[in-house]
Amino acid sequence: MAESGVNPTAAALLGLLHDGPMTGGQLMAAAQRRLGAFWSMTRSQVYRELPALAEAGYVKLGKPGARSSQPYSITPAGKRAFVRWLAEAPGKEAVRSPAALRIAFGGQQSAAQLQEVYAQATEYHNAALTGAREAAKEARKAGDDFGAAALEFAVSYHRSALAWLKAAPTK
């Protein structure tokens with residue numbers, strides 16, 4: 001855990017709650033829309049972090065709504081914790097590519113297996129590139145220059161992955 005006592009998933013939730021109260025499902029949707037192109041967050045992570053954030057006094061529960069969903073809102077203590085988290089060094093990045101892992105063992109695969117890995121990875125990165133470009137365009141249109149800049153990271157990443165896939169050996 002960072003010095004702020006807030007892990008990156010919790011910090012992302014606190015950052016999203018600056019936009020106003022949201023339920024867990026709304027937070028998931030906002031995370032996917034705003035962060036999903038470059039940061040993965042699972043539903044189980046969100047629902048595990050929210051009670052911990054509430055217990056720490058960083059968020060508070062609102063009145064139950066439809067289907068017993070409850071909105072969370074950030075507290076002043078949560079805003080201070082978020083500011084402390086922002087001031088910390090971001091730490092090391094972790095790159096995890098299922099395609100690269102399989103290609104690392106390309107010598108143990110047939111040409112057809114490798115071709116399938118390349119085809120699936122290319123399909124994924126093309127779709128993700130399109131999604132990241134659209135999200136960056138929407139962020140710019142909404143006047144969110146910082147969000148657009150973060151999404152441009154994802155655009156560059158997927159472009160790079162596609163270039164790498166074209167150059168990778170097939171046998």
Side-chain angles (χ1 to χ4, degrees), residues 1-60 71-104 121-122 124-165 167-168:
M1 184 86 50
E3 286 181 32
S4 64
V6 177
N7 66 48
T9 299
L13 294 172
L14 291 173
L16 292 169
L17 286 170
H18 275 78
D19 291 344
M22 288 186 242
T23 65
Q26 290 168 327
L27 281 163
M28 268 307 301
Q32 183 57 40
R33 185 179 62 256
R34 289 186 52 196
L35 313 174
F38 55 87
W39 186 261
S40 66
M41 196 177 311
T42 64
R43 186 168 294 281
S44 64
Q45 288 174 309
V46 169
Y47 285 102
R48 181 178 59 238
E49 291 299 335
L50 288 170
L53 288 169
E55 186 175 316
Y58 296 158
V59 299
K60 65 180 179 183
Y72 289 83
S73 57
I74 190 167
T75 65
K79 288 181 180 184
R80 288 190 300 274
F82 183 70
V83 168
R84 285 191 308 272
W85 176 81
L86 286 173
E88 295 172 355
K92 294 181 181 180
E93 294 193 21
V95 177
R96 293 175 61 101
S97 169
L101 182 59
R102 282 165 180 75
I103 292 166
T122 298
Y124 164 75
H125 286 290
N126 275 321
L129 175 59
T130 299
R133 280 182 177 149
E134 285 300 313
K137 180 179 168 183
E138 290 299 316
R140 277 191 297 280
K141 191 189 306 183
D144 183 3
D145 293 337
F146 295 108
L151 288 160
E152 285 299 332
F153 168 82
V155 169
S156 296
Y157 167 76
H158 292 296
R159 280 186 188 145
S160 177
L162 287 164
W164 170 75
L165 284 163

Give a yes or no answer on whether the side chain of Thr130 reaches the backbone of Asn126 with a donor-acceptor pair at less than 3.5 Å. yes

Enter the distance from Leu16:CG to Ile74:CD1 here, rounded to the nearest 0.5 Å. 10.0 Å

Answer yes or no: is there an ion pair linking Arg140 with Glu152, defined by an N-O contact shorter than 4.0 Å? yes

Quick check: closest heavy atoms across Ala37 and Leu151, and the distance to 0.1 Å? CB-CD2, 3.5 Å

Kindly determine whether Tyr72 and Thr23 satisfy side-chain contact (heavy atoms from CB on, under 4.5 Å), including the steps that lead there. CA-CA 6 Å; Tyr72 289 83; Thr23 65; 5.9 Å; no

Under a 3.5 Å distance rule, please check whether Gln45 uses its side chain to pair with a backbone N or O of Thr42 as donor and acceptor. yes

Please round to the nearest 0.5 Å and tell me the distance separating atom CE of Met28 and atom CG of Leu13. 9.5 Å

Any idea which heavy atoms bring Ala12 and Leu35 closest together, and the distance? CB-CD1, 3.9 Å

Heavy-atom pair of closest approach, residues Ala154 and Ala132: CB-CB, 3.9 Å

Rounded to the nearest 0.5 Å, how far does CG of Leu27 lie from CG of Leu17? 5.0 Å

Stepwise, does the side-chain contact (heavy atoms from CB on, under 4.5 Å) test hold for Met41 with Gln32? CA-CA 8 Å; Met41 196 177 311; Gln32 183 57 40; over 6 Å; no

How far does NE2 of His125 sit from OG of Ser97, to the nearest 0.5 angstrom? 5.5 Å

Taking all heavy atoms of Gln26 and all of Met22, pick out the closest pair and write down the distance. OE1-CA, 3.3 Å

I need the minimum non-hydrogen distance between Ala100 and Trp164, along with the two atoms involved. CA-CH2, 3.7 Å

For residues Val6 and Tyr58, determine if any side-chain heavy atom of one lies less than 4.5 Å from a side-chain heavy atom of the other. yes

What is the minimum heavy-atom distance between Ala148 and Ala136, and which atoms define it? CB-O, 3.9 Å

Aromatic rings His158 and Tyr124: how do their planes relate, parallel, tilted or perpendicular, breaks at 30° and 60°? perpendicular

From the options Leu86, Thr9, Val59, select the one residue that forms a side chain to side chain contact (heavy atoms under 4.5 Å, CB included) with Leu14. Val59

Would you compute the distance between atom CG of Leu129 and atom OG of Ser156 and round it to the nearest 0.5 angstrom? 9.5 Å

Test side-chain contact (heavy atoms from CB on, under 4.5 Å) applied to Arg84 and Arg80, step by step: CA-CA 6 Å; Arg84 285 191 308 272; Arg80 288 190 300 274; 3.8 Å; yes

Could you tell me whether a side-chain N or O of Tyr47 sits under 3.5 Å from a main-chain N or O of Gly25, the two making a donor and an acceptor? yes

